[in-house]
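Keep in mind that this is a model prediction, so the values were computed, not measured. Whatever order the structure lists ligands and atoms in, that order sets their numbers, starting from 1.
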Amino acid sequence: MARVFSGVQPTGNLHLGNYLGAIRNFARLQDGNECLYCVVDMHAITVWQDPPELQNNIREVTAAFLASGIDPQAHIIFNQSRVPQHAEIAWIFNCVARMGWLNRMTQFKEKAGKHRENASVGLYVYPNLMAADILTYKATHVPVGEDQKQHLELARDIAQKFNNDFGQEFFPIVEPLILDSAARVMSLRDGSNKMSKSDASDYSRLNLNDDADTIALKIRKARTDPAPVPDGSPDGGDRSTRPEAFNLLEIYGALADQPVSQVQKEFGGQQFSEFKKALVELAVEKLGPIGAEMQRLSSDPSYIDGVLSDGAMRARAIAQPIRDEVYEIVGFLRD
Ligand code: AQP
């Protein structure tokens, strides 16, 4: 039985990319594994978060986990800041990781942009905290979207360096689980950018709590090109020449659990307006119940708070002995 860990930031606007790239896979990994799914609120504050809004967003991500079918009794759902061992081990990793490693992280470059000097130090060391999230539980399997691959490689490097520095095979080497073609869902407005919470345009993404009319409107407005739906022949182009067209095919395939080739067989050669009707129907069928359940759960915050509090208690019970061993290995004196 593998120990699985992953997290989602409570930064609002949870979207189809978060669902297909991560949360749906969290639910699918429950059978036969021990799973910890974390609302990573400490990661969220690496960029400014309005405090009351942050509380709402923590509950919203928790509701999305539950609505997607994660069982909080069989597995552990919690928010990161409730388990202090993450921060304690992250500090040690700040002293293990090298500046050069962090300087290569593309997500920091993208998020800090031109205002690098003004970015928080937390945003810079974000990947060290992410390594601590995983290794605090000695988790070996981490389901994430494609965009997190580089951070996971860093987590492997940190584990390896810690083990080498202290001369023992203490931390396991993490395996990224990047599960399917929807590992990188692109924006509905621009197929060269990933679908993202922070995109200024709400039309760039399908939010998990969008109602059927909003889903339909966003898909109708999604950018395509004048050519018909690609049919798999060389004339139909590929992801590099027709990114928006292929993005919609991939979204359809992921929602229908079909390979893109199958979707092309069914819709290839048709006008996009026809294909979009089928995509709306499928998206409403798959996302509608999740949105409705999130809505239902949002009316019962005390239930959500109970799930997080119980999960944190169980997470701390796993994390504490591992943290104690780490402190011992590093040479700290403790009670
Ligand atoms: N477009 C995407 N396609 C597939 N997977 C995605 N993920 C995010 N965007 C896509 C995956 O969702 C999980 C949770 O992401 P996160 O909230 O922790 O951080 P993020 O990657 O920074 O999410 P966003 O939406 O892109 O937010 P902003 O706009 O703030 O950068 C991760 O497993 C991620 O891979």
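- For ligand 1, the polar-atom distance check finds no N/O of Y126 at less than 3.5 Å from any of the ligand's N/O atoms.
- Of the possible polar contacts, none joining the R205 side chain to the L188 backbone as a donor-acceptor pair under 3.5 Å is found.
- Counting only distance, with no hydrogens or angles, the side chain of N163 and the backbone of F171 share a donor-acceptor pair below 3.5 Å.
- D147 is linked by a salt bridge (Lys or Arg N to Asp or Glu O under 4.0 Å) to K194, counting only residues two or more places apart in sequence or in another chain.
- With ligand atoms numbered from 1 in the order given, ligand 1 contributes 3 (N), 4 (C) to contacts under 4.0 Å with heavy atoms of R184.
- At a 3.5 angstrom cut-off on N or O pairs, S6 does not count as close to ligand 1.
- In this structure, E60 contributes its side chain and T11 its backbone to no donor-acceptor pair below 3.5 Å.
- Without hydrogens or angle criteria, T241 side chain to G237 main chain gives no donor-acceptor distance under 3.5 Å.
- Taking every heavy atom of V185 and a limit of under 4.0 angstrom, the matching atoms of ligand 1 come to 1 (N), 2 (C), 3 (N), 4 (C).
- The shortest N or O to N or O distance between M195 and ligand 1 is below 3.5 Å.
- Checking K194, E146, M186, H43 against atom 9 (N) of ligand 1, the nearest heavy atom belongs to K194.
- Close contacts between ligand 1 and G21 involve ligand atoms 4 (C), 5 (N) [criterion: under 4.0 Å to a heavy atom].
- Every N/O-N/O distance between P143 and ligand 1 stays at or above 3.5 Å.
- Of all the heavy atoms of A22, the ones lying under 4.0 Å from any atom of ligand 1 belong exclusively to the side chain.
- Checking only distances, T11 never comes within under 3.5 Å of ligand 1, N or O to N or O.
- Within the 3.5 Å criterion, the main-chain N or O of N207 finds a donor-acceptor partner in the side chain of D210.
- With distances taken over non-hydrogen atoms, the option nearest atom 34 (C) of ligand 1 out of V61, D147, V144 is D147.
- Residue-level proximity to ligand 1 for K197 is carried by backbone and side chain together, each with a heavy atom below 4.0 angstrom.
- Considering backbone and side-chain N/O of D199, none are found under 3.5 Å from N/O of ligand 1.
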Please set out all donor-acceptor pairs under 3.5 angstrom arising from side-chain atoms of residues 260-275, sequence neighbours excluded.
from: E274; atom 1: OE2; to: K277; atom 2: NZ; distance (Å): 3.2

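- For Y137 (side chain) and I318 (main-chain N/O), no donor-acceptor pair under 3.5 Å exists by modelled atom type.
- Near G145, meaning under 4.0 Å from one of its heavy atoms, ligand 1 places the atoms 5 (N), 33 (O), 34 (C), 35 (O).
- The closest side-chain heavy-atom distance from N209 to Q295 is not below 4.5 Å.
- Close approach of ligand 1 to S198 is summarised as follows: ligand atoms under 4.0 Å from at least one heavy atom of the residue are 28 (P), 29 (O), 30 (O).
- R28 and N25 share no donor-acceptor pair across their side chains, judged by distance under 3.5 Å alone.
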